[in-house]
Participant: 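After the structure tokens below, expect a handful of questions from me.
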Amino acid sequence: MPAETKLFLCLKDNYGVLIHDPASGATAAIDAPEAAPIEAALRATGWTLSDILVTHHHGDHTGGIAELKKKHRCRVLAPQGEAAKIPLVDETVREGDTVKVGTLSANVIETPGHTAGHITYWFKGDKLAFAGDTLFSVGCGRVIEGTPEMMWASLRKLRDLPGDTQIYCGHEYTLANIKFAQSIDPDNAALEARAAQAAMQVAAGQPTIPTTIDEEKLTNPFLRADVPEIAAAVGLAGKPAAEVFGEIRARKNRF
Ligand SMILES: [Zn+2]
């Protein structure tokens with residue numbers, strides 16, 4: 001049976017998301033920004049929390065773990081490289097590991113850069129990936145603990161996933177990301193279409209995610225650092241893509 005998901009806002013602009021396996025009843029929270037909205041989503045769906053899959057150690061992704069674990073006795077999985085910074089971890093996972101949520105199965109992809117041990121959970125069979133703060137809709141996370149080279153390599157790994165993979169990310173930043181993207185890629189028709197669509201979604205009170213890999217390949221400047229027109233737009237024609245990526249990321253930080 002296919003996975004079901006429930007997306008909801010947490011804190012100021014974080015997303016919480018549940019993934020549910022109808023066959024077994026297992027339900028995982030991807031990260032735990034805060035307990036109350038996750039509890040509300042569990043009540044709304046009637047699902048029972050069995051697992052928390054942590055993408056990285058930041059407090060706005062882990063702040064709800066202690067309260068949820070106390071109540072639900074759920075299993076907490078976390079990236080091996082960051083387990084010491086994450087509360088109440090039961091199991092650590094790394095690149096190539098398989099994570100089971102009931103009968104659902106996720107591959108662990110290491111996507112460092114935002115943090116040094118950041119991971120993405122890819123539910124290949126369900127065409128879903130939970131990318132935390134690595135890949136956003138039309139954007140990417142800040143490179144805080146890694147290097148631009150590292151983040152570019154992580155984004156390329158995600159770009160290589162099947163095009164119809166739905167991407168869930170940690171924050172609702174899409175409109176601001178689009179505004180920035182248009183500043184360096186103003187003639188991109190797909191980006192213009194995405195801007196119109198996202199504006200309608202936000203006006204209607206709807207989330208702009210999930211997005212897809214195909215959509216991001218067309219619109220996300222951070223995935224397009226190896227496109228010659230993008231390199232030229234930031235004054236780095238012919239330069240290595242990682243350098244172009246670093247320049248785009250630096251411009252976004254100042255934007
Ligand atoms: Zn973060």
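Along the sequence shown, residues are numbered consecutively beginning with 1. Whatever order the structure lists them in is the order used to number ligands and atoms, beginning at 1.
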Participant: Using a distance threshold of 2.8 Å, state whether an N, O or S atom of H118 lies below it from the Zn ion (ligand 1).
Facilitator: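 Short answer: no, not a single N, O or S atom is under the cut-off.
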Participant: Using the ring of each side chain (for Trp, its six-membered ring), is F222 parallel, tilted or perpendicular to F180, with breaks at 30° and 60°?
Facilitator: parallel
Participant: Please determine, by modelled atom types, if R224 and N220 share a side-chain donor-acceptor pair under 3.5 angstrom.
Facilitator: no
Participant: I'd like to know if the Zn ion (ligand 1) has an N/O/S atom from D133 within less than 2.8 Å of it, counting both backbone and side-chain atoms.
Facilitator: yes
Participant: Are side-chain N/O atoms of E145 and H57 paired as donor and acceptor at under 3.5 Å?
Facilitator: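 Side chains of E145 and H57: pair found under 3.5 Å.
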Participant: Looking at the Zn ion (ligand 1), is there an N, O or S atom belonging to H61 that lies under 2.8 Å away from it?
Facilitator: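 False for H61.
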Participant: Quick check: of its N, O or S atoms, which one does H56 have closest to the Zn ion (ligand 1)?
Facilitator: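 It is NE2 of H56.
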Participant: Which is the closest N/O/S atom of H58 when seen from the Zn ion (ligand 1)?
Facilitator: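 That would be atom ND1.
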Participant: Checking A78 now: which residues fulfil side-chain contact (heavy atoms from CB on, under 4.5 Å) with it, not counting sequence neighbours?
Facilitator: V54, I86, V89
Participant: If we count only N and O atoms by modelled type, under 3.5 Å, do the side chains of D133 and H61 hold a donor and an acceptor together?
Facilitator: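 Yes, H61 and D133 have a side-chain donor paired with an acceptor closer than 3.5 Å.
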